[in-house]
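Lettering follows sequence order; numbering is per chain, from 1. Computed from a predicted structure; not experimentally measured.
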Amino acid sequence: MPAELPESYYLDNVLILFRHIETVYGDILDPTQSRFLQDFAGLPAASQRLVIRLLNRSGERFRCGKLEYPEIGPIAAALPALEQAGFIEIPTRPALAEVIPLFTRAELLKHHPQRKKLQSLKRPALNDQLIHDDDETYVRQLFAQEQFIRVLQQETYQIFQMMFFGNRNQSMTDFVLRDLGLQQYEPYCIDASSRPYTSQQEVQQHWQLYQIQQQLEHTEAADLNGWLDLFATIPQHLPRHSPLFGKSERLRLVIARQIERIGELDLALNLYSQCRLPPARERKARIYQRQRRFSTSLSICRDILDQPLEESETQFAIEFSARLARRHNLPPFPEHKISPTKKPQTIELTLPKSDQVEQAVVEHYQRQPGTHACYYLENSLFKGMLGLLLWDVIFAPVPGAFYHPFQYRPSDFYDFDFIAKRKSLVDQVFAQIHDIVDIWQIVQVRWQQKAGRMNPLVNWNALTLDIIEQALQRIDTAHWLVIFQRMLRDLRNHCSGFPDVLQLPAAGGYQLLEVKGPGDRLQKNQQRWMQFFAAHDIPHGVVKVCWQAEDGSKT
DNA sequence: ACCTCACACGCAGCA
DNA sequence: GCTAGCTGGG
DNA sequence: TGCTGCGTGTGACCCAGCTAG
Ligand SMILES: [Mn+2]
Ligand SMILES: [Mn+2]
């Protein structure tokens, strides 16, 4: 039941955002930014509204006659102040290429002398043709009665939003979604002094990283120099644990990977050496193998095993080095002579074809008299339970964690030291938990208090209190706790890969089952959970599904 | 939804 | 006329 | 042949209206 918004909603929101920028960033605004805010404040209301309407849209050029906003009234009256203050430009004769796309096909063809001939062209070709022709009398006729405007300051407006949100993925829409009640945020405390950027340089660097990210998408796969040029523009020497560093590393890895695909292996090795984060070392080991430099490849694996950054790195180094040694008759690492990967127990089911293989398996078990209940939960169960238990830890007012009201998680949630920073709070929660009833007490209350509010671990649509209650009745306290501990060791990498299905046999107990359709296999993170379950006597297995042959036809 | 990210699927390359 | 895809809007 | 890696597709608020084809 969405709430109604006041007519002035978009201006209200922008004023909140601008005010926030002024208070939080007063010391680091550049002249363009300061002037924007100052000039905007001096505009009449209708002009403020219009320019925000325009800035919130995607293009920069508009036909005035096509603009209609009842809350603004006559557009023409709002324009002079905007032109005066440098928020719009009113070109006397706009470039054809810029404005032809603003017309519909019908409008373009209506008065064209050769409309019959142009009729067959597709829209992009029609644009090109008309721009190329640049027919004086046609254009004059087309532009008669038309006034064009170009909105300026788009970039500054976008930068303000980035400065407010700390990213470019959120926007003014987030205000609306919240106010409509479509998104509920936890009302955490925002430390008045905390902000995502501490200098104009950081702002510019983050902006630049987004620009590079965009350019990556427009770079031809085989354009070696294009990729290398972009790599060279990525800011270096960013602080090791800043968000900007992470983004810069990801861009470097993407480019290095592309160079690898192109086949410039030595170049790729060089680029990977400039990356600190996984999977840089894994990629290097693979490249050395391709180059048949087996001992170098093995020594990279050695490095990884000595100082792994993630469990996935360790898993890679163990399996890859063992394979390499076996295939090429080299001495394996002594500590990994015996392959530690035990395969989980697998059962096969032949089921009638359905859309979703997981759903088919759930329905199969639900039909079995030996099954009490069966749910397709994947990551939602354990993530959700942990998120509910640690609610107050996640939203604790740690300095710098929250800087605007639209965060569904603290800014440092995936940092390696997230838990360490909140250790005493985490310990307090787990100190209260001795058995299932303790978990139920906390979770059940939390569910009532917080239902629907966003939390990085809780997917409200996938769970019900009833499912949670049943899961708690079946899964041992020790199992819950040991799974939570593993998740907390690495929130980024250990909160996925859970088995698809929770099956509750009528006889008691439970099973975590990963469903595999034909041609699907356990992923790496799923394997790691299975190994972990085996080590901790947590009942688990794989269900391999074959589709039943359809009656009559089909293979 | 912040640093998109889960997951399944299907093809190709390799001992 | 119909519809898929996009944009704008709350 | 079986194993493995790699690349890709598909979700992500929801609706109305316009446009191209
Ligand atoms: Mn799954
Ligand atoms: Mn599965």
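Heavy atoms of A:Arg492 sit under 4.0 angstrom from at least one base atom. Nucleic acid contact class of A:Phe164 (heavy atoms, under 4.0 Å, all strands): none. Counting any heavy atom pair closer than 4.0 Å across all strands shown, A:Gly246 reaches no nucleic acid atom.
No salt bridge links A:Arg195 with A:Glu202; every basic N to acidic carboxylate O contact stays at or beyond 4.0 Å. By the 4.0 Å N-to-carboxylate-O rule, A:Glu319 lies close enough to A:Lys524 to be salt-bridged with it. Using a cut-off of 4.0 Å between Lys/Arg side-chain N and Asp/Glu carboxylate O, A:Lys450 and A:Glu186 are scored as salt-bridged. Taking a cutoff of 4.0 Å between a charged side-chain nitrogen and a carboxylate oxygen, A:Lys110 and A:Glu107 do not qualify as a salt bridge.
For B:dA1 and B:dA6, the C1' atoms lie 15 Å apart once the distance is rounded to whole Å. Taking atom P in both D:dA12 and C:dG9, one finds a spacing of 23 Å when rounded to whole Å. C:dG5 and D:dT10: their P atoms are spaced 10 Å apart (whole Å). For the C1' atom pair drawn from C:dT7 and D:dT8, the interatomic distance equals 27 Å after rounding to whole Å.
Counting to the nearest Å, the C1' atom of B:dC2 and the CZ atom of A:Phe245 are 18 Å from each other. Note: CD (A:Gln289) to P (D:dT4) measures 13 Å, nearest angstrom. Here the P atom of nucleotide D:dC14 and the CG atom of A:Leu180 are 12 Å apart, to the nearest Å. The CZ-C1' distance, from A:Arg123 to C:dC6, rounds to 14 Å in whole Å. Taking atom CD of residue A:Glu358 and atom P of nucleotide B:dA6, one finds them 16 Å apart after rounding to whole Å. Residue A:Arg286 contributes atom CZ, which lies 11 Å from atom P of D:dG7 at whole-angstrom precision. We find that CZ of A:Phe418 is positioned 17 Å from P of B:dC3, with the value rounded to whole Å. Separating the CG atom of A:Leu491 from the P atom of B:dC2 is a distance of 15 Å, rounded to the nearest angstrom.
Of the side-chain N and O atoms in A:His206, one or more sit less than 4.0 angstrom from OP1 or OP2 of B:dC3. For the OP1/OP2 pair of B:dC7 and a distance below 4.0 Å, the side-chain nitrogens and oxygens of A:Asn525 include at least one atom meeting the criterion. For C:dG8, one of the phosphate oxygens OP1 or OP2 lies less than 4.0 angstrom from a side-chain nitrogen or oxygen of A:Ser58. Listed pair A:Arg250 / B:dT4 meets the phosphate criterion, a side-chain N or O lying under 4.0 Å from OP1 or OP2. Neither OP1 nor OP2 of B:dA8 sits under 4.0 Å from any side-chain N or O of A:Gln356. Taking side-chain N and O atoms only, A:Gln526 has a distance below 4.0 Å to OP1 or OP2 of B:dA8. For B:dA15, the OP1/OP2 oxygens have no side-chain nitrogen or oxygen of A:Arg327 closer than 4.0 Å. Close to D:dC6, at under 4.0 Å from its OP1 or OP2, lies a side-chain N or O of A:Arg257. Note on A:Tyr10: every side-chain N or O is 4.0 Å or more away from OP1 and OP2 of C:dG9. Taking side-chain N and O atoms only, A:Asn169 has no distance below 4.0 Å to OP1 or OP2 of B:dA1. Between A:Asn379 and B:dC7 there is a side-chain polar atom (N or O) within less than 4.0 angstrom of OP1 or OP2. Between A:Lys524 and D:dG5, a side-chain N or O to OP1/OP2 separation shorter than 4.0 Å is present. For A:Arg53, no side-chain nitrogen or oxygen approaches OP1 or OP2 of C:dT7 to under 4.0 Å. Side-chain nitrogen and oxygen atoms of A:Tyr210 include at least one within less than 4.0 Å of the OP1 or OP2 phosphate oxygen of B:dC3.
Relative ring orientation between A:Phe395 and A:Trp391 is described as tilted, the plane-to-plane angle lying within the 30° to 60° band. Between A:Trp529 and A:His494, the ring planes lie perpendicular to each other; the angle is over 60°, past the 30° to 60° tilted range.
For A:Glu378 and B:dA6, a side-chain-to-base donor-acceptor distance below 3.5 Å is absent, hydrogens and geometry of angles not being considered.
Between A:Phe164 and the options A:Phe175, A:Tyr403, A:Tyr157, A:Tyr25, a ring pair (Phe, Tyr, Trp, His ring centres under 6.0 Å) holds for only A:Phe175.
For A:Arg521, counting side-chain heavy atoms from C-beta on, the closest listed nucleotide (B:dT4, D:dT4, B:dA1) is D:dT4. Across D:dC6, B:dA1, B:dT4, the shortest atom-to-atom separation from the side chain of A:Arg261 is found for D:dC6. In this structure, of D:dC13, C:dG9, B:dC2, it is B:dC2 that holds the atom nearest to the side chain of A:Arg409.
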